[in-house]
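First the structure, in the form of structure tokens, and then the observations on it.
Counting from 1, the numbers follow the sequence of the chain as shown.
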Amino acid sequence: MAVKKGLGRGLDALLDELDLEEKENGQIEQVSLYDIDTNPDQPRKTFDEEKLKELAASLKRHGVVQPLIVKRNGLRYTIIAGERRFRAARLAGLTTVPVLVSDMDENAIMEVALVENIQRENLNPIEEAAAIRLLMEQHDLTQEEVSARIGKSRPAIANALRLLSLEKPVAELIKSGKLSAGHGKMLAGVGDKEQQIALANKTIEKDWSVRRLEDELRFASWEKKPKVKQEYSPEFRAALRAMRNRLKTKISVEGTEEKGKLIISYYNKDDLDTIYRAIMGDEEA
């Protein structure tokens with residue numbers, strides 16, 4: 001089965017291709033749930049129980065419309081895509097589900113599982129970031145190539161990956177939904193472990209928006225040595241926000257409105273390229 005070009009166009013293209021082959025070859029089978037194994041390498045580690053119950057109720061009424069994609073493993077089957085449907089089918093009390101048997105190799109299986117989860121399964125931001133990083137590492141992909149596969153912009157990929165640098169307690173707050181991915185992006189720029197955790201807890205306590213947290217990080221001192229807080233006018237803050245939106249990265253300021261330094265942060269070569277293009281436009285270096 002030639003699937004690589006489908007993978008290159010994303011999961012929907014792959015599924016369209018498999019649907020066509022199913023019509024030609026009649027590959028859809030009804031398989032006992034007891035003969036199906038989950039993929040231990042699949043990126044989703046937690047499943048929302050309430051959403052699983054909702055899906056189970058739907059499957060009980062209408063059955064499993066979209067077949068699971070599986071790989072034959074002796075007398076058993078391993079899930080490539082569709083573990084959430086598999087779990088919901090068990091919860092609904094079904095005994096069999098439709099499956100589409102594929103002979104993809106291990107690399108292709110991993111890529112489909114990752115892309116399906118990132119595109120369709122509503123991973124929490126930390127799980128999604130880990131899945132993106134694994135997809136890049138397993139298949140030697142750039143951020144641009146991952147962007148094309150999963151339908152997210154290159155800056156969105158970069159921002160997601162920054163979440164993986166967060167301290168574990170902060171990452172857990174994002175996993176639980178107490179902090180958003182936007183909060184995490186801001187907190188990832190705080191290098192001191194204790195300060196990062198303290199800021200995360202204060203954000204929850206004060207119910208800070210992402211912009212409010214951003215202002216705290218930009219205009220207040222969160223270093224061990226206390227500094228005199230510099231006050232800036234609303235116009236100056238708005239100008240800094242506009243530059244941040246233009247360059248798509250963190251910008252901090254040292255000094256006054258009359259004299260000082262702008263510090264533009266970047267976290268990898270792709271970030272630096274984005275900043276260069278935003279500043280230089282079409283000009284050559």
Side-chain angles (χ1 to χ4, degrees), residues 10-11 38-52 55 79 81-84 87 110-147 149-214 216-217 222 248-250 265-268 270-271:
L11 179 64
T38 58
N39 182 356
D41 295 321
Q42 93 111 338
R44 176 180 280 282
K45 303 304 179 186
T46 58
F47 293 82
D48 187 304
E49 290 298 325
E50 286 304 314
K51 290 182 178 179
L52 274 180
L55 180 56
I79 296 174
E83 182 172 339
R84 184 167 171 269
R87 288 173 177 262
M110 175 63 78
E111 185 168 356
V112 172
L114 289 168
V115 172
E116 188 212 26
N117 275 275
I118 295 169
Q119 284 187 337
R120 292 186 169 183
E121 297 292 346
N122 296 321
L123 300 175
N124 70 56
I126 300 298
E127 287 178 329
E128 180 177 301
I132 290 171
R133 182 173 64 182
L134 185 58
L135 184 60
M136 294 177 67
E137 292 175 348
Q138 290 285 338
H139 302 282
D140 194 25
L141 301 176
T142 65
Q143 290 185 11
E144 284 79 6
E145 289 169 333
V146 171
S147 172
R149 277 166 165 77
I150 67 175
K152 293 181 181 289
S153 69
R154 207 286 309 165
I157 300 297
N159 286 334
L161 293 174
R162 286 175 192 156
L163 299 180
L164 299 178
S165 67
L166 291 168
E167 297 298 326
K168 186 175 180 180
V170 181
E172 290 298 323
L173 292 173
I174 294 176
K175 285 182 181 179
S176 67
K178 294 180 180 178
L179 289 176
S180 71
H183 290 112
K185 173 191 169 186
M186 293 294 106
L187 292 167
V190 180
D192 183 271
K193 175 180 178 180
E194 293 181 0
Q195 291 172 1
Q196 185 184 109
I197 295 172
L199 260 176
N201 290 327
K202 188 168 185 179
T203 297
I204 295 172
E205 177 188 348
K206 300 291 186 180
D207 195 24
W208 283 347
S209 66
V210 173
R211 177 168 289 185
R212 180 71 175 84
L213 173 60
E214 181 183 11
E216 283 295 315
L217 291 171
W222 289 96
K248 295 183 174 61
T249 192
K250 176 184 174 184
S265 301
Y266 62 93
Y267 303 89
N268 52 50
D270 290 331
D271 284 351

Which atom pair, heavy atoms only, marks the closest approach of [X] to [Y]?
| X | Y | answer |
| --- | --- | --- |
| Ala200 | Leu187 | CB-CD1, 3.8 Å |
| Leu163 | Gly184 | CD2-C, 3.5 Å |
| Ala171 | Leu166 | N-CB, 4.4 Å |
| Val210 | Ser180 | CG2-OG, 3.7 Å |
| Ser147 | Arg154 | OG-N, 3.7 Å |

Going from [atom1] on [X] to [atom2] on [Y], what distance comes out if it is rounded to the nearest 0.5 angstrom?
| X | Y | atom1 | atom2 | value |
| --- | --- | --- | --- | --- |
| Arg162 | Thr249 | CZ | OG1 | 5.0 Å |
| His183 | Ile204 | NE2 | CD1 | 9.0 Å |
| Leu173 | Lys168 | CG | NZ | 12.5 Å |
| Leu179 | Lys185 | CG | NZ | 15.5 Å |
| Thr203 | Leu217 | OG1 | CG | 7.5 Å |
| Asn201 | Lys178 | CG | NZ | 9.5 Å |

Just wondering, more than 12 heavy atoms not from Arg212 lying within 6.0 Å of its CZ? yes
Taking it one step at a time, do Leu199 and Val170 satisfy side-chain contact (heavy atoms from CB on, under 4.5 Å)? CA-CA 9 Å; Leu199 260 176; Val170 181; over 6 Å; no
Between Lys152 and Glu128, does the side-chain contact (heavy atoms from CB on, under 4.5 Å) criterion hold? Intermediate values first, please. CA-CA 12 Å; Lys152 293 181 181 289; Glu128 180 177 301; 3.3 Å; yes
Salt bridge (charged side-chain N to carboxylate O under 4.0 Å, His left out) partners of Arg133, counting only residues at least two apart: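 None.
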In chain order, what residues pass the salt bridge (charged side-chain N to carboxylate O under 4.0 Å, His left out) check against Lys175, with sequence neighbours excluded?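 So Lys175 forms a salt bridge (charged side-chain N to carboxylate O under 4.0 Å, His left out) with Glu172.
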Any donor-acceptor N/O pair, Gln196 side chain to Glu167 backbone, under 3.5 Å: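 Yes, because the side chain of Gln196 sits within donor-acceptor range (under 3.5 Å) of the backbone of Glu167.
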Out of Arg87, Glu50, Arg84, which residue meets the side chain to side chain contact (heavy atoms under 4.5 Å, CB included) rule with Leu55?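 That would be Arg84.
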